[in-house]
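One structure below.
All chains are named by letter (A, B, ...) in the order of the sequence lines, taking the proteins before the strands, and each is independently numbered beginning at 1. Values reported hereafter were calculated over all heavy atoms of this structure, with side chains retained and with hydrogens, waters and symmetry mates removed.
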Amino acid sequence: MAPSASQESGLSAVPSYEEEQSQARFDALIGKDSRVEPRDWMPEAYRKTLTRQVSQHAHSEIIGMQPEANWITRAPSLKRKSILMAKVQDEAGHGLYLYSAAETLGTSRDELNDQLLTGRAKYSSIFNYTARSWADMGAIGWLVDGAAIANQVPLCRASYGPYGRAMVRICKEESFHQRQGFEILLALSRGTEAQKKMAQDAINRFYEPSLMMFGPPDDQSPNSQQSMAWNIKRFSNDELRQRFVGMIAEQVKVLGMTLPDPELHFDEEKKQWIHKDLNWDEFMNVIKGNGPANSQRLERRREAHREGAWVREAASAYAAKQAQSEVA
Amino acid sequence: MKHEELDAELDSFGDALASATRVTPGNALRPEDIAVNGQAPSEQVAKYALTLGDDSLILAQRLAHWISRAPELEEDVALGNIALDILGHARSFLTYASLAWDKTEDDLAYWREEEEFTSLWIVEQPNGHFGVTIIRQLIVSIFQHLLYRELTASTDETLAAIAAKAVKEVDYHRDHATAWTIRLGQGTEESAEKMRHALEILWPYVDEMFRDEQIHQDLEGVAVLPSTLRQAWDEQIGAVLTEAGLQIPATGQAMAHGRIGEHSEHLGYLLAEMQVLARKHPGASW
């Protein structure tokens, strides 16, 4: 949305009558837990927060394709190859819906892509870990997609309409993704000693990073309060982490594997799961760019963008010629 | 939260959208159905099915590499879709073939040696830049579309059924490659030059597709004689290239004999990558 005249002239500190009315209508929508749609007036901070969140989510889908694409050509059976290809392709589709939702907030996909390629935008830090074995396809599906679902199901009710609707579709597919991950691990857990070892190793490596996907503990998460007030976020980071850890604590038993957390138990008195202290120093370090694959992930995107430039230019030139010949 | 609870929560949103993935029940004639219900083909029919399966398997393996590397996200999705379709065809043909030897699709994909593969050289060619992949796809999709259309009339019911499903999908692959060939041929001078280059490096593998082998002659009524597809293929690809402002290049034809196990130098690397994990764990299930 273009800045209003009063904002441009530095008078934005004093809202106009129209702005006060708009703010009141917006507050009423949020108060009724209704949806905000693209043409509705919204506070700039709401727009900015959502643009950041939705585009980060889109970037995460796109960067998140890479660790799994790393195993498509080596998948150990044709059925697994087929499922993995479908999954990674779904992620590209999720990225597309989410970029579309972000565009309705007024920032173009080109600009969002540029933010990613220049390192100005963030994406989910977990994808900066490497996918070292086939079992990682299982652990990523089960733990990483599992954490993503726990995060995302409440977002289906996010106050911004296009985001909530995109999330419904995405969550349905993510649920399938999580199952295929679990199924990969299940097959490995019933396999040879080498396969079991591969599965346990992958679980060990992805357990802690997946718990950190929910973000810092509530007392250290400054933006959460505002997002909850706006009905974007419905549960706190710690509440979601609780939900997730409870789920995987049960599911790991089916696998006959263990989670690398001797402290993990349900505290009957507090009615909550207790897990080990997470390594937030590492988390921050990976966010800063020092994870195993930060450099590689971004470079792959840049390379695809660079090498595809001539294709996009040709497509635009062709479209322009077509438009011209239609006019003529 | 358990899976059932998640399902209930998702269903509560009342949106009946299915997964975009193809790995859903209800798709007719999945490889799993052939494995369970299929009748074993004769040795000859199995060898023929193997040639069709190998072409598709190698091409799908090539195309899959584009996922996460395409010029735009829409093409990650499109090339991924095409690769998935083609892998599906490969799985159906290989599964059917495997029944003749009491094997599985994976035995055939992962445990045969290079000289036992029967793929055509055109599908083995590296992806190159996007234009090379598009021209390779144009050449193969037009060919496969004509082939599968004829194969639906095969006296072998399983081959006819696989072809009936495949022909619809390949029709879309042909449209996709055609649209991009025209776009890139007419786009910019740079893109037109890249397309001319792609045609030059791939055209030497065209004749091999249409060569009749003994197996085609022996399976009259079951197999499609490739030579009978040539005229229609020439007409179709000629029309696309003309619209794109491109020409059939004046190249020679490579002495390519993939059908008898003599392959381009590229296949060995492709197989090494595809087979490495499966071969590290003999006898394992995945």
Side-chain angles (χ1 to χ4, degrees), chain A residues 62 65-66 69 72-83 85-90 92-93 95-96 99 134 149-150 153 156 165 168-169 171-173 175-176 179 184 187-188 190-192 194-195 243-244 246-247 250 300 303-304 307-318 321, chain B residues 1-3 6-7 9-10 13 15 17-23 31-32 57 60-61 64-65 67-77 80-81 83-84 87-88 90-91 94 105-106 109-110 129-131 182-184 186-188 190-192 194 273-274 276-278 281 283-286:
Chain A
I62 300 309
M65 293 166 70
Q66 292 181 33
I72 290 176
T73 53
R74 291 176 292 170
S77 77
L78 296 185
K79 185 178 173 192
R80 292 283 176 214
K81 188 192 289 288
S82 168
I83 294 172
M85 276 164 65
K87 176 176 193 280
V88 181
Q89 190 212 17
D90 277 351
L96 281 172
Y99 282 127
W134 170 253
I149 293 171
V153 167
C156 297
R165 288 188 288 273
V168 171
R169 186 160 176 178
C171 283
K172 283 178 189 251
E173 294 179 356
S175 155
F176 166 78
R179 267 172 232 218
I184 286 174
L188 294 175
R190 293 170 178 172
T192 63
Q195 285 177 305
R243 226 172 156 176
F244 174 66
M247 178 174 79
E250 288 304 313
R300 166 85 74 85
E303 188 182 14
E307 299 202 340
W310 70 272
V311 176
R312 295 188 304 274
E313 278 161 24
S316 306
Y318 175 74
K321 281 180 201 171
Chain B
M1 186 163 42
K2 300 206 170 61
H3 282 317
L6 175 64
D7 280 345
E9 183 147 6
L10 287 174
F13 293 104
D15 186 329
L17 288 171
S19 167
T21 59
R22 302 299 176 89
V23 193
E32 289 83 356
L57 177 61
Q61 179 77 2
H65 187 74
I67 302 175
S68 77
R69 296 179 171 88
E72 53 192 22
L73 288 179
E74 285 80 353
E75 284 307 303
D76 279 300
V77 175
N81 242 326
L84 257 178
L87 180 59
R91 293 186 59 206
L94 292 181
E105 55 173 347
D106 288 335
Y110 293 96
H129 58 64
F130 185 72
I182 293 168
R183 223 173 268 149
L184 297 175
Q186 291 193 23
T188 61
E190 184 189 10
S191 68
K194 282 190 146 71
E273 182 176 349
M274 184 175 83
V276 62
L277 177 59
H281 300 270
S285 310
W286 302 94

Item to complete: Heavy atoms only: give me the nearest B:Ala64-A:Ile72 pair and the separation to one decimal.
Response: CB-CG2, 3.7 Å
Worksheet item: B:Arg91 versus A:Ser82: any side-chain heavy-atom pair under 4.5 Å?
Response: yes
Worksheet item: Which value, rounded to the nearest 0.5 Å, describes the distance between B:Met274 atom CE and A:Leu78 atom CG?
Response: 7.0 Å
Practice prompt. Measure distances from A:Leu188 to the heavy atoms of chain B and classify the residue's part below 4.5 Å as side chain, backbone, both or neither.
Written response: side chain
Worksheet item: Considering residues at least two apart in sequence or located in another chain, which fulfil the side-chain contact (heavy atoms from CB on, under 4.5 Å) criterion with A:Arg300?
Response: A:Gln66, B:Ser68, B:Arg69
Worksheet item: Does any heavy atom of chain A fall under 4.5 Å from the side chain of B:Tyr110, the backbone, both, or neither of them?
Response: side chain
Worksheet item: Which bit of A:Ile62 is near chain B, if near means a heavy-atom gap under 4.5 Å: side chain, backbone, both or neither?
Response: side chain
Item to complete: For A:Ser316 and A:Arg312, indicate whether the former's side chain and the latter's backbone hold a donor-acceptor pair under 3.5 Å.
Response: yes
Worksheet entry | A:Phe176 and A:Arg179, any side-chain heavy atoms less than 4.5 Å apart | no
Discussion item. Please rank A:Met65, A:Arg190, A:Gln195 by heavy-atom pairs under 4.5 Å with chain B and give me the top one.
Written reply: A:Gln195
Response to the item:
Assert top hit (heavy-atom pairs under 4.5 Å, partner chain A, pool B:Glu72, B:Glu74, B:Glu190) equals B:Glu74
Worksheet item: Checking heavy atoms, do the side chain of A:Arg80, its backbone, both or neither come under 4.5 Å from chain B?
Response: side chain
Worksheet item: Non-hydrogen atoms of chain A under 4.5 Å away: do they reach the side chain of B:Ile182, the backbone, both or neither?
Response: both
Discussion item. If you count heavy-atom pairs within less than 4.5 Å of chain B, which of A:Ala314, A:Ala69, A:Ala304, A:Ala317 leads?
Written reply: A:Ala314
Response to the item:
When the 4.5 angstrom heavy-atom criterion is applied to B:Ala83 and chain A, the contacting part is both
Worksheet entry | Pick from A:Glu313, A:Lys321, A:Glu303 with the largest number of heavy-atom pairs that fall under 4.5 Å of chain B | A:Lys321
Worksheet entry | Proximity breakdown for B:Ala192 and chain A, heavy-atom pairs closer than 4.5 Å | neither
Practice prompt. Kindly give the heavy-atom pair with the smallest separation between B:Val77 and A:Ala92, and that separation in Å.
Written response: CG2-CB, 3.7 Å
Response to the item:
Rounding to 0.5 Å, atoms CD1 (A:Ile149) and CZ (A:Phe244) come to a distance of 9.5 Å
Worksheet item: Got a sec, which residues hit side chain to side chain donor-acceptor pair (under 3.5 Å) with A:Glu307, two or more places apart in sequence or on another chain?
Response: none
Worksheet item: If you count heavy-atom pairs under 4.5 Å between each of B:Thr188, B:Leu73, B:Asp76 and chain A, which one has the most?
Response: B:Leu73
Fill in: B:Leu87 portion near chain A, given a 4.5 angstrom heavy-atom threshold
side chain
